[in-house]
Amino acid sequence: MIKGITLVTQVASAAALDRLTSLFGALGFEPGKSWNDGSGRGSAFLAPIGNLELIAGRPPAVPPVLVEVTQLDQIHSVVEQWMIANYRTEEVAELLSGVAPTHWDSRLFTVTVDSSFVLGFWESENPLHGKPIAVEGDLSAAGMKFAIVVARWNAVITDRLLQGALDALRRSGAVQSDVQIVRVPGAWEIPSAARALAKSKSCDAIVTLGCLIRGETAHYEAIYTEVARGIGQSQQETGVPHALGVLTCETLEQALDRAGVKAGNKGFEAAIAAIEMVSIHRKLSAQPRRN
Ligand code: DLZ
């Protein structure tokens, strides 16, 4: 089973490594596992798609490290800002190329971070290139508005879910003023608050957070069924995505695990699902009619 592909590239110096690490950080690359074994060090960066291209015959027309992007012009201006902050003004024009068409139906620019390392960024002009067969949501929350409905019952858990959700939204680009938090007494009250928010059209998606613990909750099944049904119904009837972050646990320990201790943070996951759903809704409503 092939899992991925890693290109290992040596750069000229520790300074070059630090500069590249800074640039990749500015571009929002997910950091991989860095290492330092005394004789050398490495910085790893992850991208959703890996591609190893072997060429015979004429030499490649592009730098050995190419980053495929969407919104090439925006990436160019991020790189330019980074260059302005890290290089002398006259160097920027020399080291950073303009965006230019390629012979393979794409546009590309290069940046010479160091004499040992030229990096290329490109975007295909073919709208079908690299597109997955499915419509998929992006995970950028920039420009999106969210409401989080969080139950006070079992606050030791729900506060952690709330922190997880806020962390996910912030790290995905949402601004604080676009995130409204609504506290309700218990999980039972979540659907009603969620529906009021959805009907007000004040947000693009709602993240619902609560915690029901079987051992401590009378009529546990009945409450959970109603809460889940109410949230689902609000979503379907208003058309506003509602992410379900209401934990149903056997014990407090299990709830803690799911609120960031051992099994991830379900608040974080619910917020990511909300971002993805807003993106999917936007893509689907922008899609031309298919006959
Ligand atoms: C009453 C109750 C119980 C027993 N258990 C929980 C729980 O585990 N989690 C939760 O969020 N809320 C619980 N509640 C409170 C109800 O959700 C609701 O707030 C009250 O019954 C008032 O309507």
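Counting starts at 1 for both ligands and their atoms, in listed order.
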query: Is Ala151 in polar range of ligand 1, meaning some N or O pair under 3.5 Å apart?
result: no

- request: Considering only non-hydrogen protein atoms, determine which one is nearest to atom 8 (O) of ligand 1 and report residue, atom name and distance to 0.1 Å.
  value: Thr217 OG1, 2.7 Å

query: Do NZ/NE/NH1/NH2 and the carboxylate oxygens of Arg152 and Asp159 come within less than 4.0 Å?
result: no

task: Could you tell me whether Asp204 and Lys145 have a side-chain N and a carboxylate O separated by less than 4.0 Å?
output: no

message: As an exercise, identify every atom of ligand 1 less than 4.0 angstrom from a heavy atom of Asn154.
response: 7 (C), 8 (O), 9 (N)

field: Carboxylate-amine/guanidinium contact Arg41 Asp18, below 4.0 Å
entry: yes

Side-chain donor-acceptor contact under 3.5 Å, Trp82 with Ser22: yes

- request: For ligand 1, indicate whether the residue Ile213 contacts it via side chain, backbone, both or neither (heavy-atom separation under 4.0 Å).
  value: backbone

- request: Using a distance threshold of 4.0 Å (strictly less than), state whether atom 21 (O) of ligand 1 has a protein heavy-atom neighbour.
  value: no

- request: Classify the side-chain pair Ser39/Asp37 by whether it contains a donor and acceptor separated by less than 3.5 Å.
  value: yes

field: Residue, atom name and distance, where the atom is the protein heavy atom closest to atom 18 (C) of ligand 1
entry: Glu189 OE1, 3.2 Å

field: Those atoms of ligand 1 less than 4.0 Å from some heavy atom in Trp188
entry: 16 (C), 17 (O), 18 (C), 23 (O)

Donor on one side chain, acceptor on other, His242 and Ser234, under 3.5 Å: yes

- prompt: Can you tell me which residue and heavy atom of the protein come closest to atom 6 (C) of ligand 1, and the distance to 0.1 Å?
  reply: Trp153 NE1, 2.9 Å

task: Report the relative orientation of the aromatic rings in Phe109 and His76; use parallel for angles under 30°, tilted for 30 to 60°, perpendicular for over 60°.
output: perpendicular

- prompt: Are side-chain N/O atoms of Arg229 and Tyr224 paired as donor and acceptor at under 3.5 Å?
  reply: no

query: Is the closest N or O pair between Cys211 and ligand 1 shorter than 3.5 Å?
result: yes

Heavy atom of the protein closest to atom 11 (O) of ligand 1 (residue, atom name, distance): Ala187 N, 2.7 Å

query: Are any of the N/O atoms in Leu212 less than 3.5 Å from those in ligand 1?
result: no

